[in-house]
Protein chains: 2
Amino acid sequence: MKTYRQSAILDLVSRQVVRSQNTLRRQLAARGITATQATISRDIKELGLVKRAADGAYQKAQIETPSPTVTGDRVRRAVVASLCRADRVQQLLVLKTDPGQAQPLAFALDQAAWPEVVGTVAGDDTILVVMRTAQSARILERRLGRWAQG
Amino acid sequence: MKTYRQSAILDLVSRQVVRSQNTLRRQLAARGITATQATISRDIKELGLVKRAADGAYQKAQIETPSPTVTGDRVRRAVVASLCRADRVQQLLVLKTDPGQAQPLAFALDQAAWPEVVGTVAGDDTILVVMRTAQSARILERRLGRWAQG
DNA sequence: CACAGACTTGCATAAATATGAAAACCTATC
DNA sequence: GATAGGTTTTCATATTTATGCAAGTCTGTG
């Protein structure tokens with residue numbers, strides 16, 4: 001239910017200007033989905049939506065500019081500084097970085113020499129990380145995500 | 001006054017996580033700027049700031065991403081202009097381009113932001129495209145083939 | 001100076017959003 | 001089917017944000 005409702009929210013929000021959670025609630029109701037404002041508030045939070053002050057409309061969030069927070073080891077700092085997005089397919093991770101930052105981040109990853117990391121290939125703003133297993137890829141993906149998002 | 005206050009707001013918001021207009025009011029006060037929450041609400045609207053639901057932090061709004069139609073067409077032109085060959089292994093596509101054309105074509109692919117495309121890594125005349133599934137890779141392979149051959 | 005017109009701000013309050021705590025609901029285990 | 005542990009949802013309400021309207025400010029004009 002939750003997933004279904006949340007994707008309906010994304011859909012509604014992408015199609016029209018939605019200014020309040022109550023409006024959203026009514027629109028969902030029209031699609032046969034019942035929920036309270038409280039639930040919708042939490043959905044919006046989980047979906048990472050954003051509310052534009054200019055017109056009060058909800059919108060999908062953009063990639064946030066990385067904060068210059070400096071903590072932890074080198075990989076972590078590099079991730080925080082330049083990782084935009086991480087995607088996983090099976091045992092492969094595709095990392096998107098700020099322009100020109102793929103090489104330094106990949107280098108940091110190589111240096112870390114984690115055993116589950118088989119190797120990396122870096123372009124300008126994309127790194128392909130080959131992991132030994134889908135399982136370990138999933139773990140790394142999550143760790144990177146946590147770091148990137150503060 | 002207004003301009004000065006608004007630029008102070010932008011500054012504060014870029015330096016730290018500000019979750020409410022009242023916090024902002026206090027921070028402004030600490031800088032010797034007095035204003036009510038009402039005024040700040042109006043400022044935020046004028047500045048076009050955005051409030052992330054995820055953590056309630058205010059943020060500068062991002063630039064809109066261009067429409068998929070436009071970028072999709074760009075990919076087609078890039079393919080017609082420089083794709084030599086496309087090979088597929090499972091969910092991976094290896095594209096061969098004219099010398100030096102890998103980067104621009106990969107860039108166009110990235111911009112298009114097709115959901116099935118997890119990411120790309122480009123060298124000089126070779127691009128590795130990671131697709132979400134072998135199925136979608138097959139479809140893209142065929143599409144590229146059609147485009148490349150006229 | 002007195003006044004008009006355009007902006008900006010504060011006040012009071014309406015509207016919208018977030019959240020603690022309890023209830024309802026799931027899922028797996030004995 | 002009873003129980004534990006987890007997740008999701010609601011209710012009630014606190015917190016936060018927006019806004020109509022009146023007052024204050026600024027600028028140019030006669």
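All figures in this text were calculated on a predicted structure; none of them were measured in a lab. Here is how names work: the chains are called A, B, and so on, in the same order as the sequence lines, proteins then strands, and each is numbered from 1.
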For this session: Between protein and nucleotides 7-20 of chain D, map the contacts as a letter string: B base, S sugar-phosphate only, - none, heavy atoms under 4.0 Å, written 5' to 3'.
Result: -SSBB----SBBBB
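Side chains of B:L95 and B:L109 form a contact here, defined as non-hydrogen atoms less than 4.5 Å apart. Within the 4.5 Å cutoff, the side chain of A:R5 has heavy atoms near those of the A:T39 side chain. Counting heavy atoms from C-beta outward, B:V121 and A:I127 have side chains that stay 4.5 Å or more apart. Residues A:I9 and A:L49 are in side-chain contact: their nearest non-hydrogen atoms beyond the backbone lie under 4.5 Å apart.
In this model, no donor atom of one side chain and acceptor atom of the other lie less than 3.5 Å apart for B:Q37 and B:N22.
Reading DNA chain C from its 5' end, the first and the last nucleotide to sit under 4.0 Å from a heavy atom of chain A are C:dA16 to C:dA21.
Contact detail for A:G56 and A:K51: the closest heavy-atom pair is O-CE, 3.0 Å.
Within a 6.0 Å radius of CZ in B:R85, no more than 12 heavy atoms belonging to other residues, nucleotides or ligands are found.
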